[in-house]
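Right, one structure below, let's go through it.
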Amino acid sequence: MTARYAPAEIEPRWQAEWDKAGAFAARRDPDRAKYYVLEMFPYPSGRIHMGHVRNYTMGDVIARYKMSCGFSVLHPMGWDAFGMPAENAAMERGGHPKDWTYSNIADMRGQMKPLGLSIDWSREFATCDPDYYGQQQAMFIDFLHAGLVYRKNATVNWDPVDMTVLANEQVIEGKGWRSGAPVERRELTQWFFKISDFAEELLDALDGLDNWPEKVKLMQRNWIGKSRGLQMAFSLIDAPHEFDRVEVYTTRPDTLLGASFLGISPDHPLARALEADNPELAAFCAECRRMGTSEEELEKAEKRGFDTGLKVRHPFDTAWELPVYIANFILMDYGTGAIFGCPAHDQRDLDFARKYGLPVVSTYAPAEDDGSTMPEDGGPAYVPPKSEPVIYVRGFAGETEQTGEAAIESAIRFCEENGVGHGVTKFRLRDWGLSRQRYWGCPIPVVHCDACGVVPEKKENLPVELPYDEDGQPIDFSVPGNPLDRHPSWRDCACPSCGAPARRETDTMDTFVDSSWYFARFTAPRAETPTDLAEAEYWMNVDQYIGGIEHAILHLLYSRFFARAMQITGHLPAKAVEPFDALFTQGMVTHEIYVTRDEKDRPVYHLPEHVEWTESGARLGACGSPVEVIPSAKMSKSKKNVVDPVNIIESYGADTARWFMLSDSPPERDVEWTAAGAEAAYKHLGRVWRIANGIVEEMEQGGIAAYEAEGQGAGDTGAEDLALRRALHKTIHDVTMGIDSFGFNTSVAKLYAFTNTLAKSKASLAARREAAMVMAQLMAPMTPHLSEEVWEMLGGTGLVAGAAWPQPDPALLVEDEVTLPIQINGKRKSEITVPKDLPREEVEARVMQDDAVLKALAGGSPKKLIVVPGRIVNVVV
RNA sequence: GCCCGCGUGGUGGAAGUGGUAGACACAGGGGACUUAAAAUCCCUAGGCAUCGCGCCGUGCCGGUUCGAGUCCGGCCGCGGGCACCA
């Protein structure tokens with residue numbers, strides 16, 4: 001027998017054992033409760049990173065734990081395989097996105113398997129498999145028939161040199177990333193999912209998601225952005241033809257008497273009409289349109305406006321005229337694309353008013369004068385919470401003193417009664433544009449026919465497969481733009497309706513579509529239809545979903561929409577409209593950054609394995625140059641602060657990587673990868689192995705017969721045995737609680753502590769053997785290979801993976817005595833140990849005998865004596 | 001800019017609902033074993049102090065409470081998202 005912990009030897013062996021036993025195949029078993037654990041599936045970039053290791057280890061802990069608790073567990077894995085990087089790689093290095101992707105998948109699968117995850121690999125698929133995206137196309141057609149999809153115009157980033165549509169991340173400081181040309185906004189007809197029809201429903205249903213983080217629900221609520229406001233019109237004076245009114249939506253109708261200008265989006269129909277005979281105005285609009293399409297960019301840009309020269313009448317006073325500005329910060333997509341500006345109560349409007357010399361008029365003021373400067377006199381905009389009462393100095397409805405909320409409602413009522421607009425509820429949530437002018441995505445299965453218009457492809461013709469080559473020639477990805485667009489033999493087809501020559505839709509789907517239903521597909525990955533309802537009925541919902549907080553809004557909201565759309569079209573049972581029962585968002589893996597400077601003082605980054613630590617600080621291993629150490633940040637290839645899990649597994653084994661990922665940092669927070677931490681994890685696992693090995697040696701030396709004769713907790717080891725068993729059962733309780741509440745780091749800490757207890761214990765061999773075996777079970781979700789090895793060494797039957805989770809004995813958890821800290825005026829000064837159930841009066845009496853208390857009272861009596869049973873005593877003097 | 005988080009020793013962090021701040025671990029210091037080293041094992045450890053019973057301490061300022069890391073208000077710093085990155 002080898003006398004040391006040898007992960008390189010034991011890990012592959014146990015992985016083979018699990019495979020042989022089919023330990024992780026998900027089986028639909030009507031007699032058992034099911035549990036579906038899902039981690040967000042990875043993009044096949046080519047290498048797994050520590051973030052993956054952390055994510056999948058957490059899911060694996062849950063999966064293995066639930067399996068031990070008797071659940072029928074589904075724990076699948078797949079690949080979010082469509083997307084830009086594959087196409088970018090093809091453009092930059094040649095090759096084909098498909099080959100690049102599948103080769104990456106093979107590499108990553110090979111890197112993941114050594115982690116020993118309890119995944120049912122038989123269910124694996126990639127979203128770029130025609131089997132998968134063909135079913136997605138079938139659902140798209142069903143959605144189309146159900147009225148859940150439509151076409152409309154939308155703005156995209158257009159690179160005028162490369163003649164291609166750019167993603168937001170490809171627009172760098174307003175320029176195309178490859179061409180460097182200033183980006184333009186361009187309108188295209190695009191496909192949309194009607195997610196906005198579900199805004200109210202998606203908002204209300206958040207209340208039922210009890211096991212989602214509050215912050216995620218809050219972010220989604222804000223994103224959906226339900227608002228109550230007034231829709232009204234300002235009448236234009238001397239307006240161009242057909243523009244006698246401008247519709248405005250406002251959430252603050254109570255500030256109507258503080259209006260000082262009207263602002264319209266550069267894309268507003270009125271702005272477009274005015275462009276025709278005002279070149280200066282047209283130039284301004286053109287410049288606005290040169291900005292990117294992202295909300296972030298619009299909001300960060302300097303607020304600018306252009307005076308159209310037009311005026312509108314205030315609805316309450318026809319003699320009061322307001323100027324009309326085109327403003328670069330007004331989005332055509334939200335509300336009506338026009339606002340009235342009230343500078344006194346909106347900082348952005350105030351900045352705008354000051355810039356263009358527009359009046360600033362307060363409509364309300366603080367209920368109590370706090371001495372702050374009014375916006376009229378150069379102060380900031382006064383924007384109190386809507387729930388706070390204020391004094392309306394220019395109110396027109398309701399009380400003089402009222403809250404903003406009340407004033408908004410009375411203003412809406414007043415306006416409705418006087419024929420100035422009506423109250424409406426609006427949502428910020430926009431429909432989901434799914435068209436992408438790219439090759440490497442799921443083709444949108446429709447055909448454009450001159451006679452029939454837009455016709456869905458026949459389902460029997462699905463999948464509409466991406467062409468691999470072009471008439472025997474490899475597709476040329478070095479040319480910018482969408483290869484499908486210039487692929488005649490693929491593009492040209494027959495109309496599914498009339499048979500006349502027609503053209504395929506050359507846009508593909510947003511990759512968010514692929515990830516919006518993969519969780520449902522995992523329940524029946526080889527079904528001939530998108531889902532199999534019997535399977536979905538059994539396995540759905542996902543009981544525990546685990547992934548990054550960066551997906552808090554889009555991916556999760558889109559998936560919630562998709563589950564509803566799939567239910568309407570008969571692809572999911574009603575119970576699955578909220579597909580994720582519980583959500584956990586884990587933190588990132590970070591690492592220090594090592595940098596030196598080149599001759600032009602530009603940063604040069606270095607991999608952690610190239611840095612050595614000396615007494616004078618960090619230095620490059622190769623040449624000894626000093627290295628600047630930048631505090632930890634998310635691991636990224638560009639900063640080279642990455643650690644390759646493959647190297648870690650080779651040096652220490654998967655169990656060490658898993659153990660370290662779970663220890664120290666709470667799962668929802670970032671974890672910093674340190675070489676020292678990994679080393680410590682490895683040492684600890686070695687120690688556990690040695691303790692088990694020591695017990696085995698004792699058993700062998702004494703002979704099995706002697707061991708058996710010793711009995712359980714007999715003789716003078718009785719007290720030691722009891723102490724060890726108490727500690728063990730406390731540990732079972734604490735570790736279980738940690739796993740149940742996603743406190744893996746605390747479970748790990750309790751296991752460290754118990755290892756110390758076991759190592760020092762003078763208990764009988766039998767008691768120590770039992771303790772070591774239970775400890776192996778408790779560690780099994782985290783370090784499955786080591787646990788199997790220890791379990792086997794100590795003579796356990798079967799696999800730990802198949803053993804029932806240990807249950808704590810309640811009798812061993814109860815303490816007889818408690819130690820109560822004694823505070824005097826809230827500061828801890830002393831403590832007393834009392835029997836657990838000592839009556840309050842008795843506790844009080846004993847506290848009054850305490851030296852520290854007697855000293856503090858100096859003969860007097862306490863003002864107050866607070867006894868929190870089992871917790872604390874506070875004496876107020 | 002807007003929305004959402006987070007901030008505790010030299011370091012990562014612990015502290016179910018307000019109740020002994022610093023569990024557990026890393027790095028550090030001391031010791032044992034060894035010819036020596038590695039490995040292993042044991043002990044120690046928030047800061048200050050007139051180191052003998054005291055004071056200060058959970059980013060900063062203020063508040064609520066017998067009692068605040070935890071609750072409230074205001075700042076500062078860092079991170080995530082912002083609809084075509086996934």
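Chain A is the first sequence line, chain B the second, and so forth, proteins listed ahead of strands; every chain is numbered from 1.
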Salt bridge check, [Y] against [X]: does any charged N sit closer than 4.0 Å to a carboxylate O?
| X | Y | result |
| --- | --- | --- |
| A:Arg185 | A:Asp267 | yes |
| A:Asp159 | A:Lys175 | no |
| A:Glu187 | A:Arg289 | no |
| A:Arg436 | A:Asp510 | yes |
| A:Asp734 | A:Lys730 | yes |
| A:Arg428 | A:Glu295 | yes |
| A:Lys300 | A:Glu296 | yes |

Report the nucleotide, chosen from [options], that has the shortest atom-to-atom distance to any side-chain atom of [X].
| X | options | value |
| --- | --- | --- |
| A:Ser294 | B:C26, B:A83, B:C66 | B:A83 |
| A:Ser665 | B:G12, B:C41, B:G81 | B:G12 |
| A:Asn222 | B:C4, B:A83, B:U17 | B:C4 |
| A:Glu296 | B:C84, B:G1, B:A23 | B:G1 |
| A:Ala167 | B:C84, B:U20, B:A86 | B:C84 |
| A:Tyr752 | B:C55, B:C24, B:A86 | B:C24 |
| A:Ile872 | B:C4, B:U20, B:A15 | B:U20 |
| A:Ala749 | B:A23, B:A83, B:C84 | B:A23 |
| A:Leu554 | B:C82, B:C84, B:A25 | B:C82 |
| A:Val156 | B:G13, B:C84, B:A21 | B:C84 |

Nearest-nucleotide comparison on RNA chain B, the residue closer to the 5′ end among A:Leu820 and A:Asn825: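 Its nearest nucleotide lies further toward 5', so the answer is A:Leu820.
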Start at the 5' end of RNA chain B and walk down; is the nucleotide closest to A:Ala680 or to A:Arg690 reached first?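 The 5'-side residue here is A:Ala680.
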Base, sugar-phosphate, or nothing: which does [X] touch, judged by heavy atoms less than 4.0 Å apart?
| X | value |
| --- | --- |
| A:Pro42 | nothing |
| A:Gln220 | nothing |
| A:Val868 | base |
| A:Trp223 | base |
| A:Leu218 | sugar-phosphate |
| A:Gly548 | nothing |
| A:Lys300 | base |
| A:Lys683 | sugar-phosphate |
| A:Met737 | base |
| A:Leu298 | nothing |
| A:Phe329 | nothing |
| A:Lys217 | nothing |
| A:Lys827 | sugar-phosphate |
| A:Gly83 | sugar-phosphate |

Counter-base of [N], judged by Watson-Crick or G-U geometry with both distances under 3.5 Å:
| N | value |
| --- | --- |
| B:U35 | none |
| B:C26 | B:G10 |
| B:C82 | B:G1 |
| B:G46 | B:C56 |
| B:U20 | none |

Regarding B:C84, can its base be found pairing with the side chain of A:Glu169 as donor and acceptor, where the two atoms are less than 3.5 Å apart?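 Side chain to base: no pair present.
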Checking only heavy atoms, does the side chain of A:Asn874 share a donor-acceptor pair with the base of B:C66 at less than 3.5 Å?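 Side chain to base: pair found, below 3.5 Å.
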For B:C51, does the O4'-C1'-N9-C4 (purine) or O4'-C1'-N1-C2 (pyrimidine) torsion place it in syn, i.e. within 90° of 0, or in anti?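 This nucleotide is in syn.
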For B:G9, does the O4'-C1'-N9-C4 or O4'-C1'-N1-C2 angle fall within 90° of 0, making it syn, or is it anti?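 That one's syn.
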Counting only side-chain nitrogens and oxygens, does [X] get under 4.0 Å of the OP1 or OP2 atom of [N]?
| X | N | value |
| --- | --- | --- |
| A:Thr746 | B:A14 | no |
| A:Arg687 | B:C41 | yes |
| A:Arg436 | B:C84 | yes |
| A:Asn745 | B:C24 | no |

Shortest non-hydrogen separation from A:Ser830 to A:Ala852 and the atoms involved: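 Nearest heavy atoms, A:Ser830 then A:Ala852: CB-CB, 3.8 Å.
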Atom-pair distance ([atom1] on [X]; [atom2] on [N]), nearest Å:
| X | N | atom1 | atom2 | result |
| --- | --- | --- | --- | --- |
| A:Arg428 | B:G81 | CZ | C1' | 10 Å |
| A:Phe193 | B:C84 | CZ | P | 12 Å |
| A:Glu39 | B:A86 | CD | P | 21 Å |
| A:Gln823 | B:U65 | CD | P | 17 Å |
| A:Leu206 | B:C3 | CG | P | 18 Å |
| A:His555 | B:C82 | NE2 | P | 14 Å |
| A:Lys152 | B:A83 | NZ | P | 15 Å |
| A:Met219 | B:C2 | CE | C1' | 14 Å |

Using modelled atom types and a 3.5 Å cut-off, is there a donor and acceptor pairing between side-chain atoms of A:Ser741 and backbone atoms of A:Met737?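 Pair found, side chain donor or acceptor close to backbone of A:Met737.
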